[in-house]
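I have placed the structure first, in the form of structure tokens, so that the comments after it can refer back to it.
For the numbers below, each heavy atom of this structure counts, side chains included, while hydrogens, waters and symmetry mates do not.
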Amino acid sequence: MRRLILMLTCCWLGIGLAGCDQTLREAAVVAPVEPPGGDPVQEPTDVKYYPSDEPVRLGLEHFNRGNYGIAQRYFKDAVEKSPKDVTAWVGLAASYDRIRRFDLADQAYAQAIRLGGETVQVLNDQGYSYMLRGNLSAARRKFEKAYSLDPGNPVIANNLELLNGSRRFIERPPNNQP
């Protein structure tokens with residue numbers, strides 16, 4: 001008799017707990033806790049979804065090592081996979097500058113500006129591009145525009161100082177002409 005009562009009690013308890021288990025599961029699904037910084041999972045249809053950031057990461061790595069030709073290949077791959085990625089376009093433009101393909105660098109900078117506007121980084125990079133070409137007045141205009149947007153930026157200040165040093169080196173007195 002005790003076993004029968006124990007079995008019936010277990011069955012009733014099991015049925016009761018089954019109902020509670022379903023309620024707990026529904027609560028976990030219906031009211032999840034939001035992770036800090038938004039939803040970490042992105043859907044393929046999401047605008048910010050990139051199939052892989054590997055080309056950009058490798059492009060930055062090779063650029064920082066001074067392998068500009070290899071960096072250019074990775075950044076080109078990145079803009080082909082994600083044509084709205086401003087970072088990839090700026091990296092591609094800077095890589096083109098370093099391998100002295102200024103015509104392609106101008107196109108990449110133009111695309112970056114279309115996507116993200118004239119940011120401090122783009123203006124600074126364009127100024128450096130003009131400085132590499134020897135167009136010091138255009139470089140100064142870009143650096144000064146970038147400096148007006150971010151006067152505390154040490155990179156822009158250093159580039160302006162570098163430009164001033166280049167200008168003093170190149171300019172000659174008028175009587176020293178051939």
Side-chain angles (χ1 to χ4, degrees), residues 37-38 40 42-178:
Q42 293 180 344
E43 297 296 323
T45 57
D46 192 3
V47 175
K48 295 185 295 185
Y49 173 78
Y50 298 106
S52 173
D53 280 342
E54 192 72 9
V56 172
R57 187 187 67 75
L58 289 171
L60 289 170
E61 184 178 319
H62 283 284
F63 188 89
N64 290 332
R65 289 183 182 175
N67 302 328
Y68 304 117
I70 296 170
Q72 175 267 326
R73 281 188 267 170
Y74 281 116
F75 284 126
K76 187 173 182 182
D77 182 39
V79 299
E80 288 171 355
K81 289 180 179 176
S82 302
K84 293 186 178 181
D85 187 357
V86 178
T87 303
W89 282 106
V90 171
L92 180 63
S95 298
Y96 280 142
D97 281 335
R98 294 302 180 105
I99 60 174
R100 307 196 64 76
R101 288 300 312 265
F102 300 120
D103 55 331
L104 297 174
D106 287 339
Q107 293 173 13
Y109 284 128
Q111 185 63 24
I113 290 170
R114 271 193 292 277
L115 293 172
E118 281 191 325
T119 63
V120 172
Q121 181 185 5
V122 171
L123 290 169
N124 182 60
D125 288 0
Q126 281 183 316
Y128 196 82
S129 175
Y130 285 125
M131 194 166 60
L132 289 174
R133 302 174 201 193
N135 189 346
L136 303 182
S137 59
R140 179 170 300 284
R141 283 192 305 273
K142 293 293 182 177
F143 286 144
E144 287 176 349
K145 191 170 184 181
Y147 190 76
S148 70
L149 294 174
D150 187 7
N153 191 321
V155 175
I156 299 169
N158 287 338
N159 283 341
L160 279 168
E161 187 63 33
L162 182 64
L163 181 66
N164 290 337
S166 298
R167 206 172 252 311
R168 281 193 293 270
F169 180 71
I170 291 175
E171 289 181 357
R172 295 178 182 88
N175 59 358
N176 196 13
Q177 297 296 324

When rounded to the nearest 0.5 angstrom, what distance separates [atom1] in [X] from [atom2] in [Y]?
X	Y	atom1	atom2	answer
D106	Q111	CG	CD	13.5 Å
I70	L58	CD1	CG	10.5 Å
T87	D53	OG1	CG	9.0 Å
L149	N124	CG	CG	11.0 Å
T119	Q126	OG1	CD	9.0 Å

Listed by chain and number, what are the side chain to side chain donor-acceptor pair (under 3.5 Å) partners of [X], not counting sequence neighbours?
X	answer
R57	E54, E61
R73	none
D103	R101
Y109	D97

Considering only heavy atoms from C-beta outward, does the side chain of [X] approach that of [Y] to under 4.5 Å?
X	Y	answer
N158	L162	no
F143	M131	yes
N164	R140	yes
R100	F102	yes

Residues that [X] engages under ring-ring contact (aromatic ring centres under 6.0 Å, His included), provided they are two or more places apart:
X	result
Y74	H62
Y68	F63
Y130	none

Within residues 111-120 or reaching into it, pairs that qualify as salt bridge (Lys or Arg N to Asp or Glu O under 4.0 Å) - sequence neighbours excluded: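 Only E118-K142, E118-K145 qualify under salt bridge (Lys or Arg N to Asp or Glu O under 4.0 Å).
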Of all heavy-atom pairs between [X] and [Y], which one has the smallest distance, and what is that distance?
X	Y	value
A112	V86	O-CG1, 4.2 Å
A88	A78	CB-CB, 3.8 Å
G69	I99	N-CG2, 3.9 Å
A146	L123	CB-CB, 3.7 Å

Residues that D150 engages under salt bridge (Lys or Arg N to Asp or Glu O under 4.0 Å), provided they are two or more places apart: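 With neighbours one apart ignored, the set is empty.
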Using atom types as modelled and distance alone, determine if a side-chain donor or acceptor of [X] lies under 3.5 Å from a backbone N or O of [Y].
X	Y	value
N135	A138	yes
W89	A110	no
S95	G91	yes

Qualifying residue, where the test is side chain to side chain contact (heavy atoms under 4.5 Å, CB included) with V120 and the options are I156, D125, V155: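 So the option named by the test is I156.
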